[in-house]
Amino acid sequence: MSETPTCYNPKETEEKWYKFWEENNYFKAKVNPDKKSFTIVIPPPNVTGILHMGHALNNTIQDILIRYQRMRGKEVLWMPGTDHAGIATQNVVEKNLAKEGLGRHDLGREKFIERVWVWKEQYGSTIIRQLKKLGASCDWSRTRFTMDEEYSKAVKEVFIKLWDKGLIYQDNKVINWCPRCQTALSDEEAPHKDMEGSLYYIKYPLKGLSPSGDESPQGTVPEHVVVATTRPETMLGDTAVVVNPKDKRYKKYIGKTLILPLANREIKIIADEMVDMKFGTGAVKVTPAHDPNDYILGKKHSLEFINVMHPDGRINNLGGDYKDMDRFEARQAIIKDLKERNLLEKIEPHPLSAGHCYRCHTIIEPYLSKQWFVKMGPLAKPALEAVKNGTIKFHPRRWTKVYLNWMENIQDWCISRQIWWGHRLPLYYCRKCQQDNSHCDPERSEGEAILSSKDCFVAGAPRNDKSVIVSCIKPEKCPNCGSTDIYQDEDVLDTWFSSWLWPFATFRNQEDLKYFYPTAVLVTAPEIIFFWVARMVMAGYEFMGKEPFSDVYIHGTVRDIEGKKMSKSLGNVIDPLDIIAEYGTDALRFSLISITAQGQDVFLSKERFEQGRNFSNKIWNATRFILSNIDPEVTKTDLCVIFKNSELGIFERWILSRFYNTLKQVNKNLEAYKFNEAANILYSFFWHEFCDWYLELAKLTIQKKTTQIVLYKVLEKFLRLAHPFMPFITEELWYQTNPEHGSIMISSWPHLQENMIDKKVEQKVETIFNLVAVLRNMRAELEILPQDPIKAKIFSTVKQERLLAEEVKPYIMRLARLDQLDIEEKYAHISGEFTAIVEKMHVVIPLTGVLDIASYRNKLGQKIKKAENDLNSKEAMIRNEQFVKKAPVEVVEKERQRIIELKETIHKLKAVEDGIR
RNA sequence: GGGCGGUUGGCGCAACUGGUUAGCGCGCUUGAUUUACAUUCAAGAGGUUACAGGUUCAACUCCUGUACCGCCCACCA
């Protein structure tokens with residue numbers, strides 16, 4: 001009958017302890033003048049969010065920092081919350097509505113927003129629950145939502161502050177427009193993606209040579225200019241063709257008029273240096289309302305701006321025959337028509353990159369539209385300075401450059417969005433004043449306008465306009481004329497316009513703000529640097545007069561085993577909740593952390609979590625073993641007592657030294673944000689030193705109190721070190737080791753006792769372990785089974801070593817499974833022996849008949865050769881005067897020492913070789 | 001076009017400010033069931049650190065160049 005193996009079962013402990021922590025308010029932060037504060041604000045996940053590996057990594061790192069600092073005695077606050085995620089959330093709710101056959105316009109704005117709130121109440125806390133499963137020790141009593149009333153107030157106030165400073169303006173510009181979401185987007189929200197496209201060469205006939213280019217008989221086309229474009233459908237909005245003034249091919253055409261095919265409009269040929277003569281045909285169609293560069297040209301040359309699209313991407317009334325076709329449908333139709341008229345010269349494949357909506361991945365349409373912007377230059381100044389002078393540091397450092405580069409080339413921020421879910425702009429308009437001032441038209445033209453260039457660049461104009469009222473609440477009457485006919489701007493603000501206030505707008509009172517702000521460190525992924533990190537820095541300086549955090553830790557992106565980003569659409573997602581269910585939260589956390597080198601991307605596969613699971617199990621079983629073998633009294637003994645009595649044996653001193661060494665390393669690496677290093681150090685200490693060696697040795701003396709105390713103390717201290725990484729299992733075992741000493745999460749971090757680190761003891765024990773390893777190795781090579789009797793001898797002329805060997809003789813015998821071990825001074829050669837060298841000791845076991853002499857001699861020969869090679873190169877080094885002169889003394893000394901050792905080794909190995917014959 | 005990261009045993013990754021014998025995990029080979037743990041233990045095999053130069057007494061580490069992989073930003077008619 002096989003017994004059921006003893007395994008750690010995470011499910012039972014995790015729920016229990018999380019509840020316990022919450023009920024005891026251990027996550028709560030209070031202003032405490034006696035303590036230093038340590039604050040982290042969570043990167044607020046979207047309310048629509050569900051936990052993915054990126055969250056798991058991000059929040060595990062934060063929780064490690066938080067739990068570590070809490071144990072170190074700081075008053076820590078991990079501020080949680082969620083982001084209303086305007087577009088994403090609106091999309092989700094609209095999708096739900098669509099199932100009922102409804103669109104948001106069927107409901108109307110107010111009803112729709114009610115629906116979103118209902119949805120939010122129902123599903124918005126999913127991500128929070130999942131973060132709890134992850135063990136996150138956030139102060140949930142402070143949980144914030146970016147649409148909370150107070151938070152919304154802060155958003156409006158900030159808008160007004162910027163308004164008053166003249167940093168907010170309205171303008172007609174070509175912005176990134178998502179035809180699916182039907183809203184403007186900022187540049188950051190429309191990332192470019194490479195894609196396969198085509199370059200279409202289209203003939204634009206000259207005016208006057210033929211009445212109309214598209215009706216010439218027999219398919220001949222009169223004199224024309226060929227333009228190349230990737231988006232033929234935009235030709236409907238062309239208002240010029242531009243060539244380089246230096247281009248000989250086109251010089252004669254400059255100033256002439258072309259007939260725009262299909263639209264049959266007249267457009268001029270103009271000249272501008274901007275044109276690259278080498279690209280395409282050197283002649284460029286200009287569509288000022290549908291391309292950012294053409295927009296600049298249009299402005300410069302006073303062209304007309306013809307917007308030919310509806311907001312949903314269909315061609316509008318200005319598009320003639322193509323009216324109401326979708327933009328891509330229109331593209332095909334236009335190509336077909338051009339072909340028929342023989343106006344399409346050719347189509348070439350052409351790689352291009354186009355902006356995509358970061359929410360729905362639809363191809364962005366550059367679109368002329370009236371939007372609100374924030375002038376960023378003045379805000380960027382202190383934010384640049386802070387990073388340049390080191391007030392804010394990036395980890396790893398290389399991200400500094402990325403940040404500075406963006407900040408130095410900062411563009412104005414388009415903050416208005418044509419959606420409903422979000423913070424509505426605190427702008428109101430008085431209809432009466434507007435009528436009196438007909439110049440101003442704040443209402444959006446639905447994409448059918450033909451604008452002359454003077455209509456653009458009205459920057460700041462509304463600020464001087466008496467019909468525009470900026471206010472936190474709806475004014476009862478117009479302060480200018482007293483009219484009550486007032487309405488609010490329809491647009492909402494970019495979601496990031498609320499997120500950038502997160503480090504301070506999350507606080508509910510001044511006292512908290514004063515105590516917890518600035519926060520300590522921000523933990524996030526590289527994608528978010530521009531969206532959020534940079535803007536928070538600007539907001540921190542602008543509205544608080546102080547940086548929002550001093551350190552920014554940028555961790556890698558979680559990818560699948562092939563290096564692809566994990567995404568639902570690719571189907572390569574490893575769900576952290578599945579891992580939690582199968583292996584436990586601690587296993588998930590530990591594995592994730594231990595494979596995440598600082599700032600490097602993480603390549604995940606499910607198997608990687610086995611390491612964490614196995615480690616949990618190891619900790620579990622080792623603890624069980626220790627607890628079942630020690631006297632409960634031991635748990636109350638002070639370690640200092642036995643230490644003072646110097647009752648500690650060499651192995652006790654060793655494991656304590658190793659523990660404090662581990663502690664030192666863990667401290668160092670945590671301070672340096674090297675979480676994987678810290679985790680791996682803990683792992684190898686506990687597994688390969690504490691369990692593999694010390695626990696095995698301790699079995700010999702387990703009855704002794706000293707042994708029990710050391711076992712218990714090291715275990716108990718280790719649990720504390722491991723707690724930030726593996727909160728649940730450590731809490732459970734902490735409780736089991738001593739039900740009376742309270743929760744581990746509020747226990748104190750072990751104090752580093754440098755005097756316990758004893759390099760000499762470590763070296764000695766190292767030697768002993770080598771001895772054991774050599775004996776085990778000999779056994780294996782000789783193919784001696786463990787149950788076979790075996791005798792060994794150790795020779796050493798050094799008295800100290802003999803004494804050491806004598807002292808630990810029973811241990812060596814046990815670990816190497818010897819029946820007899822003699823320790824002697826003078827090496828007496830026995831024929832037919834098997835020998836190895838450890839330090840200054842000569843380890844010998846008699847040969848048995850099993851050994852393959854030839855292969856053994858071969859191996860021996862290789863060893864000798866390698867040692868001789870080493871020796872030669874070392875001796876060459878020492879002979880080199882330059883080396884002896886220039887290298888540091890200790891390096892030279894080390895080399896000399898090594899030479900002596902190598903000589904000795906070679907000598908002994910040769911003796912062994914002789915002995916075999 | 002600009003910037004950044006990577007290239008180290010079969011696989012995935014380490015190695016701080018140059019300094020003995022380049023570590024770890026997985027995998028592989030062999031052996032162990034007197035056991036806290038087979039989610040275990042022991043022993044072993046496996047690398048001239050992408051390539052070409054350079055600096056240095058000394059290069060995985062610093063510099064220059066090349067190749068390949070990946071990312072970011074900008075432009076693209």
Side-chain angles (χ1 to χ4, degrees), chain A residues 5-8 187 191-192 197 199-201 227-231 234 241-242 274-276 279-287 291 293-294 350-354 396 398-399 401-402 405-406 409 526-527 529-530 556-557 559 561 563 565 583 587 594-597 599-603 605 607-608 610-611 613-629 668 672 674 676-677 680 683-684 691-692 695-696 699 772-773 776-781 783 785-787 815-817 866-867 870 874 877 880-888 890-892 894-895 897-898 901:
Chain A
T6 318
C7 286
Y8 168 56
D187 294 341
H192 283 68
L199 196 55
Y200 303 86
Y201 290 77
V227 299
T229 179
T230 54
R231 294 191 295 149
T234 62
V241 164
V242 62
M274 243 168 102
V275 177
D276 175 2
F279 189 90
T281 61
V284 186
K285 63 192 266 317
V286 185
T287 324
D291 185 280
N293 282 316
D294 293 5
H350 180 69
L352 58 97
S353 76
R398 66 185 132 94
W399 296 108
K401 216 170 158 182
V402 175
N405 188 42
W406 184 82
N409 298 296
E527 300 95 89
I529 294 178
F530 307 140
T557 306
R559 297 170 188 283
I561 202 78
K565 238 185 212 178
Y583 297 141
S594 77
I595 60 179
T596 310
Q600 290 303 68
D601 286 355
V602 194
F603 296 78
S605 67
E607 297 76 56
R608 300 222 159 165
E610 287 172 10
Q611 193 193 3
R613 176 200 59 178
N614 294 356
F615 190 39
S616 305
N617 194 240
K618 191 76 180 175
I619 298 171
W620 179 260
N621 280 305
T623 307
R624 257 186 350 116
F625 172 75
I626 292 169
L627 291 182
S628 64
N629 279 289
K668 198 180 95 190
K674 292 187 178 177
N676 68 319
E677 289 280 318
N680 292 334
Y683 179 89
S684 71
C691 291
D692 286 353
L695 224 48
E696 291 307 316
K699 283 176 183 171
V772 172
R776 282 170 173 170
N777 169 303
M778 288 162 122
R779 238 180 202 294
E781 285 201 46
E783 295 177 28
L785 296 176
Q787 58 270 34
L815 292 174
R817 304 195 177 201
K866 189 164 183 282
D870 277 359
K874 300 288 170 208
M877 267 172 110
N880 184 341
E881 279 175 35
Q882 292 294 316
F883 170 67
V884 180
K885 212 158 68 186
K886 291 189 178 172
E890 63 272 20
V891 173
V892 179
K894 264 183 190 171
E895 293 301 332
Q897 206 50 46
R898 181 75 187 138
E901 278 168 28

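Chain letters run A, B, ... following the sequence lines, proteins first, then strands; residues in each count from 1.
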What is the base-pairing partner of B:C4, counting Watson-Crick and G-U wobble geometry with both distances under 3.5 Å? B:G70
Considering Watson-Crick and G-U wobble pairs with both distances under 3.5 Å, what does B:G23 pair with? B:C13
If you look at every heavy atom in A:S594 and A:Q611, which pair is closest and at what distance? OG-OE1, 3.6 Å
Using atom P in both nucleotides, what's the gap between B:C60 and B:G23 to the nearest angstrom? 13 Å
Expressed in whole Å, how much space separates the P atoms belonging to B:U56 and B:A67? 28 Å
Minimum heavy-atom separation for A:V275 to A:G282, with atom names? CG1-O, 3.4 Å
What is the distance, rounded to the nearest whole Å, between atom CE of A:M274 and atom P of B:C75? 10 Å
Base, sugar-phosphate, or nothing: which does A:V227 touch, judged by heavy atoms less than 4.0 Å apart? nothing
Pairing partner (Watson-Crick or G-U wobble, both distances under 3.5 angstrom) of B:A45: none
Inter-residue atom distance A:Y583.OH - A:N614.CG, 0.5 Å rounding: 9.0 Å
Pick the P atom in B:C26 and in B:C41, then give their distance to the nearest Å. 9 Å
Expressed as a whole number of Å, how far does the C1' atom of B:G12 sit from that of B:C72? 24 Å
Report the nucleotide, chosen from B:G25, B:U34, B:A36, that has the shortest atom-to-atom distance to any side-chain atom of A:R817. B:U34
When all nucleic acid strands are considered with a 4.0 Å heavy-atom cut-off, which category describes A:D294: base, sugar-phosphate, or nothing? nothing
Have a look at A:V275 and say if it touches a base, only the backbone sugar-phosphate, or nothing, with a 4.0 Å heavy-atom cut-off. base
Atom CG of A:N617 and atom P of B:C41: how far apart are they, to the nearest Å? 11 Å
Do A:N617 and A:N621 get their side chains close enough for a donor-acceptor pair, meaning under 3.5 Å? yes
With a 4.0 Å limit, can you tell me whether A:K886 has a side-chain N or O closer than that to the phosphate oxygens OP1/OP2 of B:G19? no
What contact category does A:F530 fall into here, base, sugar-phosphate, or nothing, at under 4.0 angstrom with non-hydrogen atoms? sugar-phosphate
What is the separation between atom CG on A:N680 and atom C1' on B:C24, rounded to the nearest whole Å? 7 Å
Smallest heavy-atom separation, A:S616 atom then A:Y8 atom, equals CB-CD2, 3.7 Å
What is the distance, to the nearest angstrom, from the OH atom on A:Y583 to the P atom on B:U39? 12 Å
Length of the CD-P vector between A:E890 and B:U20, whole Å: 12 Å
With a 4.0 Å cut-off on heavy atoms, is A:N880 in touch with a base, just the backbone sugar-phosphate, or nothing at all? sugar-phosphate
Look at the side chain of A:E677 and decide which nucleotide, out of B:U56, B:A14, B:U39, has an atom nearest to it. B:A14
Checking all strands, does A:P888 fall into the base, sugar-phosphate, or nothing category for heavy-atom contacts under 4.0 angstrom? base
Starting at CG of A:D276, measure out to CZ of A:F279 and round the result to the nearest 0.5 Å. 8.0 Å
Report yes or no: is the cationic atom of A:K618 (NZ for Lys, CZ for Arg) under 6.0 Å from the centre of the six-membered ring of A:Y683, at an angle within 45° of the ring normal? no
5′-ward residue of the pair A:S616/A:D276 relative to RNA chain B: A:S616
Taking 4.0 Å as the cut-off, does a side-chain nitrogen or oxygen of A:N676 come that near to OP1 or OP2 on B:A14? no
Tell me what A:N629 touches on the nucleic acid: a base, only sugar-phosphate, or nothing, going by heavy atoms under 4.0 Å. nothing
Spacing between A:K674 atom NZ and B:C13 atom P, to the nearest angstrom: 18 Å
RNA chain B: 5'-proximal contact among A:Q882 and A:L695 (nearest heavy atom): A:L695
Flag the pair A:R898 and A:E895 as a salt bridge only when some basic side-chain nitrogen lies within less than 4.0 angstrom of an acidic carboxylate oxygen. no
Closest to side chain of A:N777, choosing from B:G25, B:C57, B:A43: B:A43
A:R624 near the nucleic acid: base, sugar-phosphate alone, or nothing, with a heavy-atom cut-off under 4.0 Å? sugar-phosphate
Looking only at N and O atoms, is any donor in the side chain of A:K618 or the base of B:C37 less than 3.5 Å from an acceptor on the other one? yes
Distance check, C1' atoms only: B:U8 and B:G25, in whole angstrom units. 15 Å
Need the pair for B:C60. Rule: Watson-Crick or G-U wobble, both distances under 3.5 Å, any strand; none if unpaired. none
When rounded to the nearest Å, what value does the distance between C1' atoms of B:G18 and B:U49 take? 15 Å
Inter-nucleotide C1' distance (B:A15, B:G9), Å rounded: 16 Å
Across every strand shown, the nucleotide meeting Watson-Crick or G-U wobble geometry with B:U35 (both distances under 3.5 Å) is none
Between A:K401 and B:C4, is there a side-chain N or O to OP1/OP2 distance below 4.0 Å? yes
What is the separation between atom CG on A:N405 and atom P on B:C75, rounded to the nearest whole Å? 13 Å
So, is A:K699 near the phosphate of B:A36, with a side-chain N or O under 4.0 Å from OP1 or OP2? yes
Distance between the P atoms of B:U20 and B:A58, in whole angstroms? 15 Å
NA contact type, A:R776, heavy-atom cut-off 4.0 Å: base, sugar-phosphate, or nothing? sugar-phosphate
Round to the nearest Å and state the distance from A:R398 atom CZ to B:C4 atom C1'. 7 Å
